[in-house]
Number of protein chains: 2
Amino acid sequence: MIDIVKISQALSDPIRHKILLMLLNHKECTSPRCPTDLVGVCNCEIMEQFGMIQSRVSYHMKELAESGLVTEIPQGKWKYYDLNKEALREYIKELGVIFQL
Amino acid sequence: MIDIVKISQALSDPIRHKILLMLLNHKECTSPRCPTDLVGVCNCEIMEQFGMIQSRVSYHMKELAESGLVTEIPQGKWKYYDLNKEALREYIKELGVIFQL
DNA sequence: CAATTGTATCAACTTATTTAGATGTAAGCA
DNA sequence: TGCTTACATCTAAATAAGTTGATACAATTG
């Protein structure tokens, strides 16, 4: 079941909002370090894209994952993220239902 | 223009969420103090419904009004609030557009 | 197996949000 | 006009959220 307040909270931070958009439009990670041919965006990309340190990225990705907006895909040492469009769809659907739109 | 982050922020507080639902299902204020036959919910109702002091209600209603989710209707000494469904509709529409749902 | 790499978590700190109580202001009423 | 009522705003305090640097840990690599 969807938690409207929690998802709203996750969406209410400008950086998380940008990260979600990045996940949406992601291309394969070009870093030679990362395994290629994987779905999702890796932490290193997010760090580079926004000039954020690792623990900060980790914190925000955890928030997003706990809200359900993002799916975590651990790959050995690495961790990838995928936008959970279905959660977003349920969120807007639920808003429509409870506010009778 | 809709500010997704700001509206998400407004929605991300449990009390504000409840207030919005109250505005949605409001009936006429039964308090003998208030002028009748007015659209909207008055502050006194919100205070009573949630057992909140006046300054707290004032704070949250300002947040909601500034996000655009709520319309303020001053009536002399009183202030009434109306749920702005159109803002909610634009919010979910915009989410759909930017996240390509 | 030792060194390296990627991520998680912790503790300390900073910043933002929420709350309560006090005070201000303007409208309505005796 | 003076009193009361409804709401706004300010200040201070409490709580929550976000940031950073340090440390821990597990997977990978040489």
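A note on names: the letters A, B, ... follow the listed sequences, proteins ahead of strands, and every chain is numbered from 1. Hydrogens, waters and symmetry mates are skipped; everything else that's a heavy atom, side chains included, is used. Bear in mind that the values here come from a model prediction, so they are computed numbers and not experimental data.
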- Query: What string of B, S and - do you get for nucleotides 21-30 of chain C 5' to 3' if you count protein non-hydrogen atoms under 4.0 Å?
  - Reply: B-----BS--
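- Residue B/Lys79 places at least one side-chain N or O closer than 4.0 Å to OP1 or OP2 of D/dA8.
- Separating the CE atom of B/Met52 from the P atom of D/dA8 is a distance of 13 Å, rounded to the nearest angstrom.
- Nucleotide D/dT19 holds its C1' atom 15 Å from the NZ atom of A/Lys62, rounded to whole Å.
- For A/Asn43, the side chain to side chain donor-acceptor pair (under 3.5 Å) partners two or more places apart in sequence, or in a different chain, are A/Tyr81.
- Atom CD1 in A/Ile7 sits 8.0 Å away from atom CD in A/Glu90 (nearest 0.5 Å).
- Distance A/Arg56 CZ to C/dT7 C1': 17 Å, rounded to the nearest Å.
- Within a heavy-atom distance below 4.0 Å of DNA chain D, the residues of residues 4-18 of chain A found are A/Asp13, A/Ile15, A/Arg16.
- Using a 4.0 Å cut-off, some side-chain N or O of B/Asn43 falls inside it from OP1 or OP2 of D/dC7.
- In this structure, CE of A/Met47 is placed 13 Å from C1' of D/dT20, rounded to the nearest angstrom.
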With a cut-off of 3.5 Å and sequence neighbours excluded, list every side-chain donor-acceptor pair involving residues 91-98 of chain B.
from: B/Tyr91; atom 1: OH; to: A/Tyr91; atom 2: OH; distance (Å): 2.8
from: B/Tyr91; atom 1: OH; to: B/Ser8; atom 2: OG; distance (Å): 2.8

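- One can place OH of B/Tyr59 at 16 Å from P of D/dT15, the figure rounded to the nearest angstrom.
- With rounding to whole Å, A/Ile46 atom CD1 is found 14 Å from C/dG6 atom P.
- Taking the side chain to side chain donor-acceptor pair (under 3.5 Å) definition, one finds that B/Glu86 meets it with B/Arg89, sequence neighbours left out.
- Under the 4.5 Å side-chain criterion, counting only non-hydrogen atoms from C-beta, A/Val70 is in contact with A/Leu23.
- Residues satisfying the side chain to side chain donor-acceptor pair (under 3.5 Å) criterion with B/Asp13, sequence neighbours excluded, are absent altogether.
- In this model, the phosphate group of C/dA8 is approached by a side-chain N or O of A/Ser58 to a distance below 4.0 Å at OP1 or OP2.
- By the 4.5 Å heavy-atom criterion applied to side chains, B/Phe50 and B/Ile15 are not counted as neighbours.
- Atom P of nucleotide D/dA8 and atom CE of B/Met61 are separated by 10 Å, given to the nearest angstrom.
- Between C/dT19 and B/His60, a contact under 4.0 Å exists linking OP1 or OP2 to a side-chain N or O.
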Identify all side-chain donor-acceptor contacts of residues 56-67 of chain A below 3.5 Å with residues at least two apart in sequence or on another chain.
from: A/His60; atom 1: ND1; to: A/Arg16; atom 2: NH1; distance (Å): 3.1
from: A/Ser67; atom 1: OG; to: A/Leu64; atom 2: O; distance (Å): 2.8
from: A/Ser67; atom 1: OG; to: A/Leu69; atom 2: N; distance (Å): 3.2

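- For A/Glu72, the side chain to side chain donor-acceptor pair (under 3.5 Å) partners at least two apart in sequence or on another chain are A/Lys79.
- Rounded to whole Å, atom P of D/dC7 lies 11 Å from atom CD of B/Glu48.
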